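Okay, handing you the structure first.
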Amino acid sequence: MTSSKVFVPTSHPRYFSLMIREKLVKGFRNGLVAPEGLIAHGRGESFDYLLGERTTKPALKSIEAASALFLLADFPVLSVNGNTAALSAKEICELNYALEKSFTEVNLFYLTERREELIANELKKYGLKKILGVGAKRFTEIPELESNRRKVDPEGIFIADLVFVPLEDGDRTIALKRMGKKVITVDLNPLSRTSITADVSIVDNVVRVVPELIKHIEHLKKNSTKKELQEIVGCYDNKKSLQEGLDIMRSSKVLTATESE
Ligand code: ATP
Ligand code: MG
């Protein structure tokens with residue numbers, strides 16, 4: 001499949017959005033992203049538009065709480081799907097490195113062994129050696145889930161105390177919570193079931209979030225005690241943070257064409 005290449009100047013008001021879209025389309029052509037993933041991206045884009053395509057103050061608070069929760073976990077697992085791999089494979093590997101004791105697991109809603117393998121190869125490009133959720137042993141099942149995502153790695157998500165699930169489906173997030181896990185998500189939609197079910201929901205684009213998470217984790221690692229990390233988590237109110245994200249979207253104003261440039 002080919003497409004005509006359109007030159008987008010960096011001064012274009014949607015430059016970054018178009019570049020992210022381009023990455024996803026490339027991921028689709030390379031087999032990493034499912035066709036449904038393109039549609040899910042479109043839903044995310046529309047919320048990002050309303051946010052002003054920036055990391056907001058409530059998102060930063062969620063990032064801080066997520067970083068503290070990550071550092072308090074004994075066995076955190078980073079769950080990677082096609083969209084996350086296409087947009088942030090390198091950064092996920094860097095996050096895994098910063099966390100030191102985490103593992104990365106491929107987990108797909110629209111599962112094919114080929115995509116699983118392609119995603120694992122994409123992660124390997126950035127130095128990740130051990131990747132969970134690939135091959136036959138992924139077949140431990142999350143109770144009560146009917147989609148393919150009930151299949152998780154018995155050495156990964158199944159035994160994790162914390163799971164990072166960016167761009168996740170609500171059924172699975174609910175199932176992970178029922179299994180007693182702490183859940184951190186990145187979801188541009190503050191109204192999704194994933195957002196309202198997770199312990200910490202970062203309402204922001206995964207492309208902006210992961211580098212910010214790494215910065216916060218490195219900072220907290222050097223400067224905070226366990227008690228201080230617990231305090232950060234204890235003071236955090238996810239529902240309040242989601243409401244603040246939604247309020248920002250609702251307060252966006254119609255600008256004239258020149259104002260929006
Ligand atoms: P739920 O199942 O949680 O109710 P949903 O069915 O509306 O949510 P899904 O397709 O299951 O949506 O989940 C994908 C989520 O990822 C969507 O809420 C979408 O807004 C969000 N999303 C898509 N692209 C990005 C991105 N680049 N960064 C952050 N979030 C994104
Ligand atoms: Mg869904």
Side-chain angles (χ1 to χ4, degrees), residues 14-28 32-56 58-60 62-63 66 78-92 95 106-111 115 119 122 142 144-150 163-178 181 183-214 238-239 241-246 248-250 252:
R14 300 259 89 73
Y15 176 77
F16 289 106
S17 178
L18 292 171
M19 288 302 109
I20 296 171
R21 194 183 277 185
E22 215 31 62
K23 266 188 157 186
L24 211 76
V25 170
K26 192 171 161 222
F28 171 69
L32 292 177
V33 174
E36 294 83 354
L38 296 177
I39 299 168
H41 183 77
R43 180 175 296 176
E45 260 189 3
S46 56
F47 286 104
D48 208 8
Y49 207 119
L50 292 169
L51 270 185
E53 290 157 7
R54 70 204 156 96
T55 300
T56 63
L60 273 175
S62 303
I63 288 170
L78 314 178
S79 171
V80 178
N81 62 19
N83 284 38
T84 303
L87 295 176
S88 301
K90 178 169 175 273
E91 292 75 13
I92 289 285
L95 175 62
V106 178
N107 223 282
L108 306 180
F109 195 89
Y110 301 101
L111 177 73
R115 281 185 64 230
I119 293 168
E122 187 67 16
I142 297 179
E144 299 170 53
L145 255 193
E146 281 168 12
S147 76
N148 273 327
R149 281 198 193 186
R150 71 170 182 255
V163 194
F164 178 58
V165 282
L167 286 55
E168 186 55 271
D169 172 61
D171 289 338
R172 187 150 173 272
T173 309
I174 293 166
L176 291 172
K177 280 308 299 168
R178 285 206 185 120
K181 307 198 184 288
V183 176
I184 298 172
T185 191
V186 180
D187 193 330
L188 277 159
N189 178 4
L191 300 168
S192 75
R193 290 169 311 148
T194 293
S195 285
I196 60 181
T197 309
D199 296 278
V200 178
S201 309
I202 306 165
V203 180
D204 195 3
N205 199 311
V206 70
V207 168
R208 295 188 294 268
V209 170
V210 184
E212 204 59 49
L213 268 175
I214 296 167
N238 199 48
K239 186 154 180 245
S241 181
L242 289 173
Q243 188 60 55
E244 287 171 354
L246 186 62
I248 290 171
M249 292 180 193
R250 283 161 54 153
S252 58

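Just follow the structure's listing: the first ligand is 1, and inside any ligand the first atom is 1. Only a predicted model underlies this, so the values are computations on that prediction, with no experimental measurement involved.
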Inset, instruction - Please work out which of Ile39, Leu167, Val165 has its closest non-hydrogen atom nearest to atom 16 (O) of ligand 1. - result: Leu167

Legend entry - Best match, Ala86, Ser88, Ser192, Ser195: closest heavy atom to atom 8 (O) of ligand 1: Ser192

Legend entry - Enclosure of Lys177 NZ (heavy-atom neighbours >12, cutoff 6.0 Å): yes

Inset, instruction - Take every heavy atom of Val209, measure it against each atom of ligand 1, and state whether any distance is under 4.0 Å. - result: no

Inset, instruction - Could you find the nearest protein heavy atom to atom 27 (N) of ligand 1 and give me its residue, atom name and distance? - result: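 Result: Asn205 OD1, 3.0 Å.
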
Legend entry - Closest non-hydrogen atom pair, Ser201 against Leu242: CB-CD2, 3.8 Å

Legend entry - Residue selection (non-hydrogen contact nearest atom 22 (N) of ligand 1) among Ala198, Ser17, Gly44, Gly37: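 The residue whose heavy atom sits nearest atom 22 (N) of ligand 1 is Gly44.
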
Inset, instruction - Identify, for atom 12 (O) of ligand 1, the protein heavy atom at the shortest distance, and state residue, atom and that distance. - result: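 I find the closest protein heavy atom is Arg43 NH1, 3.5 Å.
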
Legend entry - side chain to side chain contact (heavy atoms under 4.5 Å, CB included) assessment of Phe164 paired with Leu95: CA-CA 11 Å; Phe164 178 58; Leu95 175 62; 4.0 Å; yes

Inset, instruction - Select the closest option to atom 30 (N) of ligand 1 among Asn81, Thr84, Leu188, judged by heavy-atom distance. - result: Leu188

Inset, instruction - Measure distances from the Mg ion (ligand 2) and count the protein N, O or S atoms below 2.8 Å. - result: 1

Inset, instruction - With atom 3 (O) of ligand 1 as the reference point, say which of Asn83, Leu191, Asp171, Thr194 has the nearest heavy atom. - result: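 Minimum heavy-atom distance to atom 3 (O) of ligand 1 goes to Thr194.
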
Inset, instruction - Kindly confirm or rule out an N or O of Gly170 lying under 3.5 angstrom from an N or O of ligand 1. - result: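 There is such a contact, yes.
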
Inset, instruction - Provide, to 0.1 Å, the distance between atom 10 (O) of ligand 1 and the closest protein heavy atom, together with that atom's residue and name. - result: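 Result for atom 10 (O) of ligand 1: Ala40 CB, 3.9 Å.
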
Legend entry - N or O contact, Phe47 vs ligand 1, cut-off under 3.5 Å: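 There is no such contact.
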
Inset, instruction - For Gly82 and Leu108, work out which heavy atoms get closest and say how close. - result: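 Closest pair (atom of Gly82, atom of Leu108, distance): N-CD2, 3.9 Å.
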
Legend entry - Exercise: do Ser62 and Ser241 side chains pair donor with acceptor under 3.5 Å: yes

